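Worksheet for the structure shown next.
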Amino acid sequence: MQVFDKIISDRGSRYAVSGGKAASREEAAALLAQLKRNKRFAKATHNTWAAILSGEPVKDDDGEAGAGALMLQMLERAALVDHVVIVTRWYGGKHLGGDRFRHVADAVRLYLRETGLGDQGA
């Protein structure tokens, strides 16, 4: 699993992005559990994730409504399959409105760029 921590900060909210290979829901759940073994990630407000597992699109907003769908769309465009991407947010006390979607998208782009995975145009 690769973790890129403290990548975005806005009005007190902080973001990280993580991911790794997963070919099933069980493997995706295992990656999320591995991430949450770190107490800092376990205490995060949201651990939103998305993946295309053996051709099946799956996502979990983890309370960040709409974020998983955005991530899934980006993974589909990047043609990234059997790989889960997790965007973590620690809520900073101020609502970000639509900016939260920009931050999620920026986190996924950073992950794709830094790992060299998927289509760089995503």
Side-chain angles (χ1 to χ4, degrees):
M1 171 179 291
Q2 292 191 301
V3 178
F4 302 94
D5 198 0
K6 300 176 183 173
I7 59 169
I8 298 168
S9 182
D10 183 3
R11 290 169 265 179
S13 286
R14 294 173 323 280
Y15 288 81
V17 65
S18 314
K21 289 183 180 277
S24 68
R25 286 179 184 261
E26 293 77 19
E27 289 179 11
L31 277 174
L32 187 60
Q34 178 185 344
L35 183 68
K36 288 182 172 184
R37 282 190 204 108
N38 179 319
K39 199 179 287 187
R40 178 170 143 65
F41 284 85
K43 290 182 176 184
T45 313
H46 308 286
N47 281 295
T48 303
W49 66 270
I52 302 166
L53 305 174
S54 300
E56 178 191 358
V58 292
K59 64 178 177 58
D60 183 350
D61 289 335
D62 191 31
E64 188 78 287
L70 171 64
M71 293 173 64
L72 192 54
Q73 183 180 48
M74 293 180 73
L75 297 181
E76 287 171 343
R77 269 188 284 168
L80 183 60
V81 296
D82 294 336
H83 198 100
V84 65
V85 176
I86 305 160
V87 175
T88 302
R89 177 183 177 195
W90 292 267
Y91 179 63
K94 294 185 181 167
H95 291 285
L96 302 181
D99 286 341
R100 66 191 174 96
F101 293 111
R102 182 172 46 87
H103 298 324
V104 167
D106 287 346
V108 173
R109 276 189 209 95
L110 181 139
Y111 184 83
L112 293 173
R113 183 180 66 245
E114 293 297 318
T115 60
L117 296 169
D119 176 9
Q120 298 303 305

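Since the structure is predicted, the reported quantities are computational estimates derived from the model, not experimental observations.
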Practice item. Flag the pair H95 / R100 as yes when at least one side-chain heavy-atom distance between them is below 4.5 Å, and no otherwise. Key: no
Point to revise | Distance-minimising heavy-atom pair for A50 and L75 | key: O-CD1, 3.3 Å
Exercise for review: Look up atom CG in L70 and atom CD in E64, then write down how far apart they are to the nearest 0.5 Å.
Suggested key: 10.5 Å
Check your understanding: Does a side-chain heavy-atom distance below 4.5 Å link D60 with T48?
Key -> no
**Study point:** Residues in salt bridge (charged side-chain N to carboxylate O under 4.0 Å, His left out) contact with R14, at least two apart in sequence or another chain
**Key:** none
Check your understanding: Do L72 and L117 belong together in a cluster built from hydrophobic side chains that touch within less than 4.5 Å?
Key -> yes
Point to revise | Shared hydrophobic cluster, L112 / I7 (ILVMFWY, side-chain heavy atoms < 4.5 Å) | key: yes
Check your understanding: Under a 4.5 Å cut-off applied to non-hydrogen side-chain atoms, are M71 and V87 in contact?
Key -> yes
Exercise for review: Measure the spacing between CE of M1 and OG of S18 and express it to the nearest 0.5 Å.
Suggested key: 6.0 Å
Check your understanding: Are any non-hydrogen side-chain atoms of W49 and L32 less than 4.5 angstrom apart?
Key -> yes
Review point. Would you say I86 and F101 are hydrophobically clustered, going by side-chain heavy atoms of ILVMFWY under 4.5 Å?
Key: no
Exercise for review: Decide yes or no on side-chain contact (heavy atoms from CB on, under 4.5 Å) for E27 and K21, but give the supporting numbers first.
Suggested key: CA-CA 8 Å; E27 289 179 11; K21 289 183 180 277; over 6 Å; no
Revision key, fill the gap. When rounded to the nearest 0.5 Å, the distance separating CD1 of I8 from OH of Y15 is 7.0 Å
**Study point:** Within-4.5 Å side-chain heavy-atom neighbours: S24 and L53
**Key:** no
**Study point:** Under the side chain to side chain donor-acceptor pair (under 3.5 Å) test, residues paired with N47 that sit two or more places apart
**Key:** T88
Check your understanding: How close do A23 and D82 get, heavy atom to heavy atom, and via which atoms?
Key -> CA-OD1, 3.7 Å
**Study point:** Min side-chain heavy-atom separation F4-E114 under 4.5 Å
**Key:** yes
**Study point:** With sequence neighbours excluded, residues passing ring pair (Phe, Tyr, Trp, His ring centres under 6.0 Å) with H83
**Key:** Y111
Check your understanding: Are side-chain heavy atoms of E56 and R25 found at a separation under 4.5 Å?
Key -> yes
Exercise for review: Would you sort out whether L96 and R89 count as a side-chain contact (heavy atoms from CB on, under 4.5 Å), showing the intermediate values?
Suggested key: CA-CA 12 Å; L96 302 181; R89 177 183 177 195; 3.5 Å; yes
Practice item. Could you tell me the separation between the CG atom of D99 and the NZ atom of K94, rounded to the nearest 0.5 Å? Key: 13.5 Å
Exercise for review: For residues A28 and A22, report the shortest heavy-atom separation together with the two atoms involved.
Suggested key: N-CB, 3.7 Å
Point to revise | Cluster overlap V85 with V58, hydrophobic side-chain contacts below 4.5 Å | key: no
Review point. Going from OG1 on T45 to CH2 on W90, what distance comes out if it is rounded to the nearest 0.5 angstrom?
Key: 9.0 Å
Exercise for review: Give, for atom CG of L80 and atom CD1 of I52, the distance between the pair rounded to the nearest 0.5 Å.
Suggested key: 7.0 Å
Check your understanding: Taking D61 for the side chain and G66 for the main chain, is one N or O donor matched with an acceptor at less than 3.5 Å?
Key -> yes
Check your understanding: Hey, does L110 have a side-chain heavy atom less than 4.5 Å from the side chain of V17?
Key -> yes
